[in-house]
Amino acid sequence: MKKEIGTLLLLSTVIFSGCQSDQKEERVSKESHSPTHIDTTLIGASDNQEVKLYKKGDGVKLEINGHVKDFNWNNPSDTGTEPQVFYIDMTEDGKEEAVIIIQTGRGTGLDNYDIHIVDQDLQEIKVPYYEEIVAQHIESNVVKKDHETLTITGRALGKEYHFDYHVDPELELQQDELGFGGITIYYLENQKIQLTLAASVFPIYVADFHITYKYNHTENEFMIDQIEVAPIQQ
């Protein structure tokens with residue numbers, strides 16, 4: 001009888017231990033996939049909650065239809081502008097992608113945004129940033145025509161542009177080409193990525209480069225489709 005009781009106690013211990021192990025594994029699994037862990041804060045979501053963006057100490061956490069992945073994007077700073085979150089078919093394949101637009105800088109003469117496109121497999125699709133666009137597609141030349149006029153010429157995606165810009169006669173020209181990077185504003189229009197890239201002759205902005213992207217199915221990335229140059233009205 002004692003032997004039978006001992007056997008029953010041993011069996012009970014094994015079963016209880018197994019239950020504890022299963023509960024522990026289930027708890028760990030839930031925590032590892034939960035976007036609402038203590039170190040995250042919800043900062044944006046798409047209209048129907050398919051996409052949710054969380055802020056972390058070292059980046060962001062993105063959730064698409066319950067699937068979660070961490071990204072080391074520039075952490076949204078306290079600019080006063082909430083991230084824009086969309087769930088739209090950007091690649092024209094019948095499947096929606098997550099589109100995240102985050103303001104990363106704001107101040108006098110400064111307005112910067114980043115854009116990220118992520119598919120349903122949580123893979124980010126490349127969107128060329130302004131440095132690559134300027135290096136590959138934009139040429140410019142700036143000269144002082146007289147003491148109060150700048151002559152600005154160049155090419156953007158193969159198309160030539162030319163305009164004069166009146167400045168303070170006291171302006172001391174310190175560059176021979178346009179400067180970029182102070183204002184980089186991304187937005188969506190008709191399911192297309194648009195970028196307004198302001199061009200400057202320090203310390204003034206003289207033109208806006210309006211850039212439209214298109215999706216390249218072969219390379220699985222976005223590329224430049226159009227660049228329109230608009231002198232800033234004085």
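Heavy atoms only: backbone and side chains are in, while hydrogens, waters and symmetry mates are out.
The environment of CD in Glu189 is crowded: more than 12 heavy-atom neighbours from other residues, nucleotides or ligands sit within 6.0 Å. Residue Gln234 qualifies as enclosed at atom CD: its count of foreign heavy atoms under 6.0 Å is above 12. Sparse packing is recorded around CD of Glu82, with 12 or fewer heavy atoms of other residues, nucleotides or ligands lying under 6.0 Å away. Atom CD of Glu172 sits in a sparse spot, with 12 or fewer heavy atoms from other residues, nucleotides or ligands closer than 6.0 Å.
No continuous path of ILVMFWY side-chain contacts below 4.5 Å connects Leu122 to Phe222, so the two sit in separate hydrophobic clusters. Under the 4.5 Å side-chain contact rule for hydrophobic residues, Tyr213 and Met223 do not share a cluster. In the hydrophobic cluster analysis, where Ile, Leu, Val, Met, Phe, Trp and Tyr join through side-chain heavy atoms closer than 4.5 angstrom, Leu150 is grouped together with Ile232. In the hydrophobic clustering of ILVMFWY residues, with side-chain heavy atoms under 4.5 Å counting as a link, Ile100 and Ile125 come out apart. Cluster annotation: Phe86 is not connected to Ile43 through the hydrophobic network of ILVMFWY side chains, with a link wherever side-chain heavy atoms come within less than 4.5 Å.
Val134 is listed as a side-chain neighbour of Leu197, based on a closest heavy-atom distance under 4.5 Å. Proximity of Tyr165 to Val167: side-chain heavy atoms (C-beta onward) are separated by under 4.5 Å at one or more points. With a 4.5 Å cut-off on side-chain heavy atoms, Leu53 and Val51 do not count as touching. Looking at heavy atoms from C-beta onward, Gln191 lies in side-chain contact with Ile88 at the 4.5 angstrom threshold. Side chains of Leu173 and Val201 form a contact here, defined as non-hydrogen atoms less than 4.5 Å apart. Taking the side chain as every heavy atom from C-beta outward, Phe163 and Thr153 never approach each other to under 4.5 Å. Residues His67 and Asp121 form no side-chain contact, since every pair of their non-hydrogen atoms from C-beta on lies 4.5 Å or further apart. Between Ile193 and Leu188 there is a side-chain heavy-atom pair separated by less than 4.5 Å.
A donor-acceptor contact under 3.5 angstrom links the side chains of Asp164 and Thr151, judged on distance only. Residues Thr184 and Asn112 have side chains that bring a donor and an acceptor to within less than 3.5 angstrom of each other. Counting only N and O atoms by type, the side chains of Tyr215 and Asp93 include no donor and acceptor under 3.5 Å apart. Side-chain contact check for Tyr87 and Asp47: no donor-acceptor pair (N or O, by modelled atom type) lies under 3.5 Å.
Between the OG1 atom of Thr104 and the CD1 atom of Ile101 there is a distance of 12.0 Å, given to the nearest 0.5 Å. To the nearest 0.5 angstrom, Ile183 atom CD1 is 12.0 Å from Tyr130 atom OH. To the nearest 0.5 Å, the span separating CD1 on Ile227 from CG on Leu157 amounts to 4.5 Å. Considering CG of Leu195 and CD1 of Ile211, their distance stands at 4.5 Å, rounded to 0.5 Å. Atom CG of Leu62 is separated from atom NZ of Lys56 by 12.0 Å, given to the nearest 0.5 angstrom. Between the CD atom of Gln233 and the CG atom of Asp208 there is a distance of 10.5 Å, given to the nearest 0.5 Å.
With hydrogens and angles ignored, the 3.5 Å screen pairs a side-chain donor or acceptor of Asp119 with a backbone N or O of Gln123. A donor-acceptor pair under 3.5 Å is formed between the side chain of Ser140 and the backbone N or O of Leu178. Checked by atom type and distance alone, the side chain of Asn48 never pairs as donor or acceptor with a backbone atom of Glu50 at under 3.5 Å. Of the possible polar contacts, one joining the Tyr129 side chain to the Ile115 backbone as a donor-acceptor pair under 3.5 Å is found. Side chain of Glu97 to backbone of Met90: a donor-acceptor contact under 3.5 angstrom is found. A donor-acceptor distance shorter than 3.5 angstrom exists from the side chain of Gln175 to the backbone of Glu177, with no hydrogens or angles considered.
Here the closest non-hydrogen pair linking Thr91 and His217 is O-CE1, 2.9 Å. Minimum interatomic distance between Pro83 and Ile102 (heavy atoms only, all atoms of both residues): CB-CG1, 4.2 Å. Of all heavy-atom pairs between Glu63 and Gly66, the closest is OE2-CA, 3.3 Å. Pairing each heavy atom of Ala198 with each of Tyr205, the nearest pair is CB-CD2, 3.5 Å. Taking both residues in full, the closest heavy atoms of Ala98 and Ile64 are given as CB-CD1, 3.7 Å, listed atom of the first, atom of the second, then distance. The minimum heavy-atom distance linking Lys144 with Pro169 is given by the pair NZ-O, 3.6 Å.
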Exercise. Would Lys192 and Gln226 satisfy side chain to side chain contact (heavy atoms under 4.5 Å, CB included), going step by step from the backbone distance to the final call?
Worked result: CA-CA 11 Å; Lys192 297 286 187 180; Gln226 298 178 19; over 6 Å; no
For this session: Go through the steps for Lys69 and Lys61 under the test side chain to side chain contact (heavy atoms under 4.5 Å, CB included), then give the verdict.
Result: CA-CA 6 Å; Lys69 184 175 180 179; Lys61 186 183 291 290; over 6 Å; no
For this session: Could you please spell out the steps behind the side-chain hydrogen bond (donor to acceptor under 3.5 Å, both in side chains) verdict for Gln103 and Asp111?
Result: CA-CA 8 Å; Gln103 187 176 47; Asp111 196 6; 2.8 Å; yes
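Gln194 meets the side chain to side chain donor-acceptor pair (under 3.5 Å) test with Thr212; sequence neighbours excluded.
Among residue pairs with one or both ends in residues 222-234, those qualifying as salt bridge (Lys or Arg N to Asp or Glu O under 4.0 Å) are Lys159-Glu228, Lys214-Asp225; sequence neighbours excluded.
Ring planes of Phe180 and Phe209: perpendicular class, angle over 60° (limits at 30 and 60°).
Here Lys95 does not pair with Asp89 in a salt bridge; the nearest charged N to carboxylate O distance is not below 4.0 Å.
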